[in-house]
Amino acid sequence: MGSHRVSLSTPIAKGARPIDTADLPDLSGLAEKIFADVAALSPDVLGVSRPAYSSVESQTLAYLETVAEEFGLQSWRDAGDNLVIAAPDDASPEAPCGYFGSHVDSVPQGGNFDGLAGVVAALLTLIALVREGAPMRLPLRVLALRGEESAWFGNAYMGSQALFGRLGEKALSTRRRDGKGTLAEAMRETGIAMARIEAGEPLVDTQKIRFFLELHIEQGPVLVERKWPVAAVTGIRGNVRHQAVQCIGQAGHSGAVPRWLRRDAVFATSELIMRMDDHWATIQQHGGDLVLTAGIFQTDPARHAMSRIPGECTFSFEARSQDSGTLRAFEELLKSECRIIERERRVKFVFDEAVRAEPAELDPAMVEAILAACTAEGLPAEAIPSGAGHDAAIFAQAGVPTGMLFVRNRNGSHNPDEQMDMDDLIAAVGAIRRVARDLTA
């Protein structure tokens, strides 16, 4: 991947602003320094923790501002206290522009690349474009977003939803995972004026955002298995989630109740999950897009015992698909199977309120532009869907032409073992640089 490195030691184009890079001879070195410095700002027992709308997240944004200033860039905060970084000749924050970036918060005890890699890649790209004096008819700005991870307040994409007036009263009233205040209180403590957000007013003029481009580490194993350093993203799966579904049966002695009289909550829930797995396989065999997870499955630890028939089981249920119709149909199928099992096993399923996120189709022209840039950079021109949600989905749903690029990442995501090679990131920067020049020239 060394051939894709974008060097800051190349000659400066005529008329470009000189940048002192004596201590940072290339973009890879700058990236490594930023990642190391931000990790030092957000250490935890394991990995890093940058809570949404916290002082740590604020310190991270302030640090990125100092890096931008060192390279002759200007910066400001938007009405949602997200960081915007712009070229030195970008005269008006109100002018139409193109954005590229990602989020800076992390999950608790997570990895250092999820979100942050996209901000760093955008910053490196802007530094390189300014240094070479690339003409930008349309201003290109880095957007470092706050509050993407749902781990802190139970809601995802808080920063981007606030931008488009989509952060409702229910979301604002949710409490942080440790009980320390609501989302609205946390946002207010960062200095955000909440009146417009609480009224559901957009903080940006969507018509002035000509495009949004997000780089993100892949959170699955596809790129690693296929030996692709990067891939264009075709779309972002939506989801339907139930965090706590209860199956209520009847407790009893394990040796005294025959099968035909049992109302076993665990057996009933297990049958439900296996039935839904069979439906999942059938949908995939017919070419449908779907993934299914039941990540929580438990009985009451104060009551469960080897010799006790479980009278209650709590489980989570999540389905994701690029097709909203598939999601709706699968949720109805879930409820239908519950009714059948309730009759057969004499149990009752009690559902919490579903949390839904609509799928997002990324802009076909931007997908093609990313693929063309990858080809020009000597990279595989491949495309895959995103199973995880991203801020890009909110921009796409708001009508902003949106593109996304994945970078290879080992060991999964949302854990301290995220592993992204700097050569892969710099290869991706090369592709983004080409796309940005085409979109802004």
Side-chain angles (χ1 to χ4, degrees), residues 41-42 49-65 74-86 92-95 97 99 101-108 115-116 118-119 141-209 212 214 243 353 355-358 360 389-400:
L41 289 172
S42 49
S49 290
R50 294 189 285 272
Y53 299 101
S54 70
S55 60
V56 177
E57 188 188 57
S58 296
Q59 290 166 14
T60 301
L61 294 177
Y63 165 77
L64 292 170
E65 281 185 289
Q74 58 175 319
S75 63
W76 62 84
R77 301 299 179 92
D78 66 18
D81 202 41
N82 305 293
L83 174 62
V84 181
I85 299 173
S92 172
E94 303 302 320
C97 70
Y99 281 125
S102 191
H103 62 97
V104 299
D105 61 320
S106 78
V107 299
L116 183 60
V119 177
R141 297 170 187 164
V142 178
L143 183 61
L145 287 156
R146 304 191 76 131
E148 191 267 356
E149 298 290 359
S150 63
W152 301 103
F153 292 95
N155 299 284
Y157 329 125
M158 294 166 283
S160 51
Q161 289 202 76
L163 280 182
F164 296 106
R166 295 179 50 182
L167 198 59
E169 181 181 351
K170 183 177 179 181
L172 289 167
S173 65
T174 56
R175 303 193 72 81
R176 205 172 98 151
R177 59 184 284 127
D178 56 9
K180 295 181 179 178
T182 65
L183 172 58
E185 290 167 347
M187 296 177 78
R188 191 172 289 109
E189 287 173 6
T190 67
I192 298 174
M194 294 297 295
R196 293 172 64 190
I197 294 175
E198 291 172 337
E201 295 180 12
L203 306 180
V204 292
D205 183 348
T206 306
Q207 298 301 316
K208 291 183 178 180
I209 305 176
F212 179 69
E214 181 173 11
Q243 185 173 1
E353 185 176 354
V355 177
R356 295 178 175 84
E358 288 298 312
H390 303 282
D391 287 304
I394 304 302
F395 281 80
Q397 290 164 3
V400 175

Ring-ring centroid check Phe164 Phe395, cutoff 6.0 Å: yes
Residue pair [X] / [Y], side-chain heavy-atom distance below 4.5 Å:
X      : Y      : answer
Leu61  : Val104 : yes
Leu167 : Met187 : yes
Trp152 : Pro108 : yes
Pro51  : Val56  : yes

Is the side chain of [X] donor-acceptor paired with the backbone N or O of [Y] at a distance under 3.5 Å, no angle test?
X      : Y      : answer
Lys208 : Cys97  : no
Glu214 : Ala392 : yes
Glu169 : Ala199 : no
Asn155 : Ser150 : no
Glu57  : Gly147 : yes
Arg146 : Gly80  : no

Nearest heavy-atom neighbours spanning [X] and [Y]:
X      : Y      : result
Ala184 : Glu198 : CB-OE2, 4.4 Å
Ala360 : Gln397 : CB-NE2, 4.0 Å
Arg77  : Ala62  : NH2-N, 3.7 Å
Ser75  : Glu65  : OG-OE2, 3.5 Å
Ala79  : Arg196 : CB-NH1, 4.3 Å
Lys170 : Glu353 : NZ-OE1, 2.9 Å

Starting at [atom1] of [X], measure out to [atom2] of [Y] and round the result to the nearest 0.5 Å.
X      : Y      : atom1 : atom2 : value
Leu64  : Gln59  : CG    : CD    : 12.0 Å
Leu143 : Asp78  : CG    : CG    : 6.5 Å
Ser42  : Asp105 : OG    : CG    : 11.0 Å
Thr190 : Asp81  : OG1   : CG    : 4.5 Å
Leu172 : Met158 : CG    : CE    : 10.5 Å
Arg50  : Leu116 : CZ    : CG    : 5.0 Å

query: Does any donor atom in the side chain of Asp391 or Ser102 lie under 3.5 Å from an acceptor atom in the other side chain?
result: no
message: With a 6.0 Å cut-off (strictly less than), is the heavy-atom count around CD of Gln243, excluding the residue itself, greater than 12?
response: no
message: Does Arg176 form a side-chain contact (heavy atoms from CB on, under 4.5 Å) with Leu183? I'd like the steps, not just the answer.
response: CA-CA 7 Å; Arg176 205 172 98 151; Leu183 172 58; over 6 Å; no
- request: Give me the one residue out of Asn82, Ile209, Val142, Leu145 that meets side-chain contact (heavy atoms from CB on, under 4.5 Å) with Tyr99.
  value: Ile209
- prompt: What's the verdict on salt bridge (Lys or Arg N to Asp or Glu O under 4.0 Å) for Lys180 and Glu185, showing C-alpha distance, side-chain angles and the deciding distance?
  reply: CA-CA 9 Å; Lys180 295 181 179 178; Glu185 290 167 347; over 6 Å; no
- prompt: Step by step, would you call Thr206 with Val400 a side-chain contact (heavy atoms from CB on, under 4.5 Å)?
  reply: CA-CA 7 Å; Thr206 306; Val400 175; 3.7 Å; yes
